[in-house]
Amino acid sequence: MDLILWRHAEAEDWTEGCNDLERALTRTGEKQAKRMAGWLDRHLPDTTRIICSPAVRCEQTVRALGRKYKVRSELAPGTTIDASLAVAQWPNNKSVVLLVGHQPSLGEAIGFLLGIEQGGCAVRKGAAWWLRTRERDGDVQTVVVAVQAPEFL
């Protein structure tokens with residue numbers, strides 16, 4: 001199974017009294033989302049299942065891809081590793097799955113899948129991590145296929 005974890009692009013800063021789910025992308029974030037969407041669109045199969053957090057900034061990020069997606073509350077800020085992986089049906093899903101979500105949840109899932117004992121990985125705004133599960137000699141492994149950040153596109 002291929003699992004792509006895409007962090008939302010740069011968003012407005014959180015302020016006191018602000019509803020976190022309503023924060024929108026900045027102009028820089030819109031550019032980041034377009035760059036990363038172009039790269040992803042060239043590499044993702046047409047059958048990719050795309051699942052997005054209900055946060056406005058995540059929906060704005062994924063809309064740049066121009067493909068159908070589903071919003072799932074399980075990917076909202078503060079989600080757990082178990083909830084994220086359950087939504088993706090990791091590692092048994094037969095299709096490629098793209099999750100659009102938040103830090104630190106995405107980084108924690110990456111750290112867990114790669115066996116990083118210190119916890120999660122830092123995931124830059126707008127960046128995508130492409131992971132794949134495989135079996136070798138009866139051992140299930142997670143391998144990194146690609147890591148891409150919008151500033152390098």
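Start at 1 with the first residue, then count along the sequence. None of the values given here were measured: they were computed from a predicted structure.
Atom CZ of R124 sits in a sparse spot, with 12 or fewer heavy atoms from other residues, nucleotides or ligands closer than 6.0 Å. Residue D13 qualifies as open at atom CG: its count of foreign heavy atoms under 6.0 Å is 12 or below. When the shell of 6.0 Å around OH of Y69 is examined, it contains more than 12 heavy atoms from other residues, nucleotides or ligands.
In the hydrophobic clustering of ILVMFWY residues, with side-chain heavy atoms under 4.5 Å counting as a link, W39 and V145 come out together. In the hydrophobic cluster analysis, where Ile, Leu, Val, Met, Phe, Trp and Tyr join through side-chain heavy atoms closer than 4.5 angstrom, V96 is grouped together with V100. At a threshold of 4.5 Å between side-chain heavy atoms, the hydrophobic network of Ile, Leu, Val, Met, Phe, Trp and Tyr places L75 and L21 in two separate groups. A single hydrophobic cluster is seen to contain both L5 and V144, as judged by linkage of ILVMFWY side chains at heavy-atom distances under 4.5 Å, directly or through other members. Under the 4.5 Å side-chain heavy-atom criterion for grouping Ile, Leu, Val, Met, Phe, Trp and Tyr, V147 is connected to V123 within one hydrophobic cluster.
Summarising the geometry, atom CH2 belonging to W6 is positioned 14.5 Å from atom CD1 belonging to I51; distances are rounded to the nearest 0.5 Å. Between atom CE of residue M1 and atom CG of residue L131 there is a gap of 9.5 Å, rounded to the nearest 0.5 Å. Within the model, atoms CG of L99 and CH2 of W129 stand 15.0 Å from one another, a figure rounded to the nearest 0.5 Å. Atom-to-atom distance recorded for K125:NZ and R7:CZ is 5.5 Å, nearest 0.5 angstrom. How far CG of L85 is from OG1 of T79: 9.5 Å, rounded to the nearest 0.5 Å. Atom CD of residue Q60 and atom CG of residue L25 lie 4.0 Å apart, to the nearest 0.5 angstrom.
Considering only residues two or more places apart in sequence or on other chains, E30 meets the side chain to side chain donor-acceptor pair (under 3.5 Å) condition with none of them. By the side chain to side chain donor-acceptor pair (under 3.5 Å) test, W90 pairs with no residue at all, sequence neighbours left out. Under the side-chain contact (heavy atoms from CB on, under 4.5 Å) criterion, D20 pairs with W14, R23, R57, P77, not counting sequence neighbours.
Looking only at distances, no side-chain donor or acceptor of Q32 sits under 3.5 Å from a matching main-chain atom of M36. Between the side chain of S95 and the backbone N or O of R49 there is no donor-acceptor pair closer than 3.5 Å. Under the 3.5 Å distance criterion, the side-chain polar atoms of T15 are left unmatched by any main-chain donor or acceptor of C18.
Nearest heavy atom pair, residue A127 against residue A149, reads CB-CA, 4.1 Å. The two residues L40 and A128 make their nearest non-hydrogen contact at CD2-CB, 4.4 Å. Heavy atoms only, all atoms of each residue included: I50 and R67 are closest at CD1-CB, 3.7 Å. Closest approach of V97 to A88, counting heavy atoms only: CG2-O, 3.8 Å. In plain terms, the two heavy atoms of A9 and A33 that are nearest each other are CB-N, 4.0 Å. Between V56 and A24, the shortest heavy-atom contact is CG1-CA, 4.2 Å.
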- For L3 and N93, run side-chain contact (heavy atoms from CB on, under 4.5 Å): C-alpha distance rounded to whole Å, both residues' side-chain angles, the deciding distance at 0.1 Å, then the answer. CA-CA 9 Å; L3 176 63; N93 200 321; over 6 Å; no
- side chain to side chain donor-acceptor pair (under 3.5 Å) between S53 and H102, worked out: CA-CA 8 Å; S53 160; H102 308 271; 2.7 Å; yes
- Task: Decide yes or no on side-chain contact (heavy atoms from CB on, under 4.5 Å) for I116 and C121, but give the supporting numbers first.
- Result: CA-CA 8 Å; I116 299 172; C121 296; 3.4 Å; yes
